[in-house]
Structure formats: C-alpha cells, structure tokens
Amino acid sequence: QVQLVESGGGSVQAGGSLRLSCAAFGVTYTINRIDCMGWFRQAPGKEREGVTDINRAGNTAYADSVKGRFTISQDNAKNTLYLQMDSLKPDDTAMYYCAADHSWCSEATPRRVDFAYWGQGTQVTVSS
C-alpha cells in the first residue's frame with residue numbers, strides 16, 4: 001500500500017506561481033515499484049482531469065492547457081513529486097491530486113483509470 005500526501009496549495013493572483021509537493025509513504029519495496037506518478041485536478045462541478053505525469057525514467061506528458069506553464073519533477077531519493085505552476089490563470093482553480101501507479105506512464109495525457117493510489121488533494125485558488 002502507498003500513501004500520498006500533497007502540500008503547497010493556496011491562493012494566488014493570476015500570473016503568480018505555486019509549487020505543489022507530493023510525498024509517498026509505504027513499504028520501501030512497494031515504493032520502489034512505482035513507475036508512474038502524476039497530477040490531476042478537479043474543479044467544482046467538473047470531472048477530474050489529468051494534468052501531467054512522469055515515469056521513473058523522467059519522461060513526461062502534459063495536458064495542452066498547462067503546457068509551457070506547469071513543470072512536473074521528482075526526487076526519487078526523497079520519494080517526492082513536485083508540480084511547479086507558473087503563469088497561473090483563474091481556470092487553474094481546482095483541487096489538485098497526486099496519483100501513482102506501478103504501471104509505466106502512457107504517452108498521452110494521464111487518465112484517472114490508470115492510477116491505483118491517490119492523495120487527498122490540495123486546493124489551488126487563482127483570483128483575477
């Protein structure tokens with residue numbers, strides 16, 4: 001079993017930046033078998049959508065809506081995933097969730113069904 005804990009959310013004005021973190025906890029053997037981690041977001045009244053993911057080799061995929069503004073990264077030694085969000089827009093307002101799976105990431109925008117482990121989420125609010 002893997003537990004994911006997000007942090008770093010908050011309120012910011014449009015054009016600002018935030019950095020989210022996601023720490024993975026669990027048995028070392030299980031943590032080391034995680035091959036894909038990603039970020040999703042869900043705005044009120046909308047479905048949860050994939051934002052970006054990264055595999056253990058460092059290959060990434062991004063949703064078109066965040067390309068050039070968001071950057072995913074990971075520190076395997078610390079079992080921590082990051083999401084640097086720049087040039088934030090009001091449309092980026094949502095609950096952001098960290099996710100992980102033992103399968104390799106697909107090359108497309110991450111899909112909810114492909115991830116077994118989920119964090120509780122951290123709120124990001126962008127005001128105009």
Side-chain angles (χ1 to χ4, degrees):
Q1 188 70 15
V2 175
Q3 290 184 323
L4 302 174
V5 180
E6 303 99 333
S7 62
S11 296
V12 65
Q13 289 190 330
S17 298
L18 283 173
R19 188 192 194 207
L20 306 184
S21 299
C22 170
F25 299 93
V27 175
T28 300
Y29 171 76
T30 304
I31 295 290
N32 289 342
R33 287 177 55 237
I34 291 175
D35 279 329
C36 182
M37 295 191 74
W39 290 97
F40 288 73
R41 65 186 182 184
Q42 188 166 15
K46 296 187 177 181
E47 293 192 357
R48 192 171 300 187
E49 63 174 357
V51 176
T52 178
D53 63 18
I54 184 169
N55 62 25
R56 186 166 288 274
N59 299 314
T60 61
Y62 293 90
D64 288 343
S65 59
V66 305
K67 281 180 181 176
R69 301 188 298 120
F70 289 12
T71 304
I72 190 172
S73 61
Q74 60 190 356
D75 185 334
N76 290 331
K78 296 182 179 180
N79 296 327
T80 302
L81 181 73
Y82 302 99
L83 181 64
Q84 178 65 40
M85 304 186 294
D86 298 317
S87 302
L88 282 161
K89 305 175 181 180
D91 285 348
D92 295 319
T93 296
M95 185 72 78
Y96 282 72
Y97 297 89
C98 173
D101 199 81
H102 298 300
S103 300
W104 203 246
C105 296
S106 72
E107 294 183 356
T109 304
R111 302 184 309 167
R112 185 175 183 176
V113 296
D114 292 334
F115 291 82
Y117 305 111
W118 291 86
Q120 294 300 306
T122 185
Q123 179 67 37
V124 171
T125 302
V126 184
S127 58
S128 58

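Predicted model only: the values in this text are computed from it and were never measured.
Using a distance-only test at 3.5 Å, with no hydrogens or angles considered, a donor-acceptor pair links the side chain of Arg69 to the main chain of Ser87. Of the possible polar contacts, one joining the Arg56 side chain to the Asn32 backbone as a donor-acceptor pair under 3.5 Å is found. Judged by distance alone, the side chain of Glu6 and the main-chain N or O of Cys98 form a donor-acceptor pair under 3.5 Å.
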* Asked: Is there a side-chain contact (heavy atoms from CB on, under 4.5 Å) between Tyr62 and Thr71 once you walk through the steps?
  -> CA-CA 9 Å; Tyr62 293 90; Thr71 304; 3.9 Å; yes

* Between Asp35 and Asn55, does a side-chain contact (heavy atoms from CB on, under 4.5 Å) hold up when you go through it step by step? -> CA-CA 5 Å; Asp35 279 329; Asn55 62 25; 5.7 Å; no

* To do: For side-chain contact (heavy atoms from CB on, under 4.5 Å), just list the numbers for Cys36 and Phe115, CA-CA rounded to whole Å, side-chain angles, deciding distance to a tenth of an Å, and then say yes or no.
  => CA-CA 8 Å; Cys36 182; Phe115 291 82; 3.6 Å; yes

* Give the intermediate values and the outcome of side-chain contact (heavy atoms from CB on, under 4.5 Å) for residues Gln13 and Val126. => CA-CA 5 Å; Gln13 289 190 330; Val126 184; over 6 Å; no

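Using a 4.5 Å cut-off on side-chain heavy atoms (C-beta onward), Arg41 and Val66 make contact. For the pair Arg112/Tyr97, no side-chain contact is recorded, criterion being any heavy-atom separation below 4.5 Å from C-beta on. Contact check for Leu20 versus Val124: side-chain heavy atoms found under the 4.5 Å cut-off.
Between Phe70 and the options Asp86, Thr52, Asp92, a side chain to side chain contact (heavy atoms under 4.5 Å, CB included) holds for only Asp92. The one candidate from Thr30, Val27, Asp101, Asn79 that meets the side chain to side chain contact (heavy atoms under 4.5 Å, CB included) condition with Val2 is Thr30.
Taking a cutoff of 4.0 Å between a charged side-chain nitrogen and a carboxylate oxygen, Lys67 and Asp64 qualify as a salt bridge.
A pairwise comparison of heavy atoms in Leu81 and Gly38 identifies CD2-O, 3.8 Å as the closest pair. Across Met37 and Ala100, no two heavy atoms sit closer than the pair CG-CB, 4.0 Å.
Interatomic distance, CD of Gln74 versus OG1 of Thr80, reported as 10.0 Å (0.5 Å rounding).
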